[in-house]
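Written below as structure tokens is the structure these notes are about.
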Amino acid sequence: MADEFGHLPRRPERILKAAQWSVQGLRAAWLHESSFRLEVYLVALLTPLAIWLGRTGVEQALLIGSMLLVLSIELLNSAIEAVIERYGPEFHELAGRAKDMGSAAVFVLMVNVVVVWACILLPRLH
């Protein structure tokens, strides 16, 4: 979004404020989203393994990056759910569809993690 001066580079204090909002979002996800905490634990457990198993920097980046994508989409999914819950707990077809699609996005990226790890590691078993 444009600031009061248009699309100019942000001043250092604006970058700091944006970082503070990001940290607040991560903290909120940690405190209120059990799925996010579980995924963070898995990333913490698997990152050293990815560094050890990845033969090149590119392999390591793919192994770790695929997991970070899951965390990113989990944050977006949680944001969608929070906005929907803000408007009330009653069922609405569109709200249910939005929540299901957010969950599906997380699932698709979890499948991506499995595919990336398999593509890198399975050829080594032969």
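Note: the hydrophobic cluster containing L49 also contains L121 (ILVMFWY, side chain heavy atoms under 4.5 Å, direct or indirect links). By the criterion of side-chain heavy atoms lying less than 4.5 angstrom apart, applied directly or through intervening Ile, Leu, Val, Met, Phe, Trp or Tyr residues, L63 is grouped together with Y41 in one hydrophobic cluster. In the hydrophobic cluster analysis, where Ile, Leu, Val, Met, Phe, Trp and Tyr join through side-chain heavy atoms closer than 4.5 angstrom, V115 is grouped apart from V108. There is a path of hydrophobic side-chain contacts, each under 4.5 Å, that joins V70 to V43. In terms of hydrophobic clustering, with Ile, Leu, Val, Met, Phe, Trp and Tyr side chains grouped at heavy-atom distances under 4.5 Å, L62 and W52 are assigned to a common cluster.
Closest heavy-atom contact between P123 and A118: CD-O, 3.6 Å. When every heavy atom of W117 is checked against every heavy atom of L53, the shortest pair comes out as CZ3-CD1, 4.4 Å. Closest heavy-atom contact between G25 and L75: O-CD2, 4.5 Å. The two residues N77 and S103 make their nearest non-hydrogen contact at OD1-N, 3.3 Å. Scanning all heavy atoms of the two residues, the minimum distance from A105 to I73 falls at CB-CG2, 3.6 Å.
The environment of E93 atom CD is sparse: at most 12 non-hydrogen atoms of other residues, nucleotides or ligands sit within 6.0 angstrom. Remark: R27 CZ is loosely packed, at most 12 non-hydrogen atoms of other residues, nucleotides or ligands lying under 6.0 Å away.
Residue N112 holds its CG atom at 11.5 Å from CE of M110, rounded to the nearest 0.5 Å. Separation of atoms CD1 (I51) and CD1 (I64) is listed at 4.5 Å; rounding is to 0.5 Å.
Counting heavy atoms from C-beta outward, T47 and M67 have side chains that approach closer than 4.5 Å. Here the side chains of S72 and L76 are not in contact, with every heavy-atom distance at 4.5 Å or above. Looking only at side-chain heavy atoms (C-beta outward), V116 and I120 come within less than 4.5 Å of each other. Between R97 and L94, the closest side-chain pair of non-hydrogen atoms falls below 4.5 Å. In this structure, the side chains of L71 and L68 come closer than 4.5 Å at one or more pairs of heavy atoms. At a threshold of 4.5 Å between non-hydrogen side-chain atoms, the residues E39 and E33 do not count as touching. Contact check for M101 versus I80: no side-chain heavy atoms found under the 4.5 Å cut-off. Counting heavy atoms from C-beta outward, V113 and L69 have side chains that stay 4.5 Å or more apart.
Distance alone, capped at 3.5 Å, places no donor-acceptor pair between the W30 side chain and the F36 backbone.
Applying the salt bridge (Lys or Arg N to Asp or Glu O under 4.0 Å) test to every pair with at least one member in residues 69-80, sequence neighbours left out, gives no pairs at all. Pairs engaging residues 104-118 under the salt bridge (Lys or Arg N to Asp or Glu O under 4.0 Å) rule: none recorded [sequence neighbours left out].
The hydrophobic cluster containing V83 also includes Y87, under a criterion of side-chain heavy atoms closer than 4.5 Å among ILVMFWY residues, counted directly or through chains of members.
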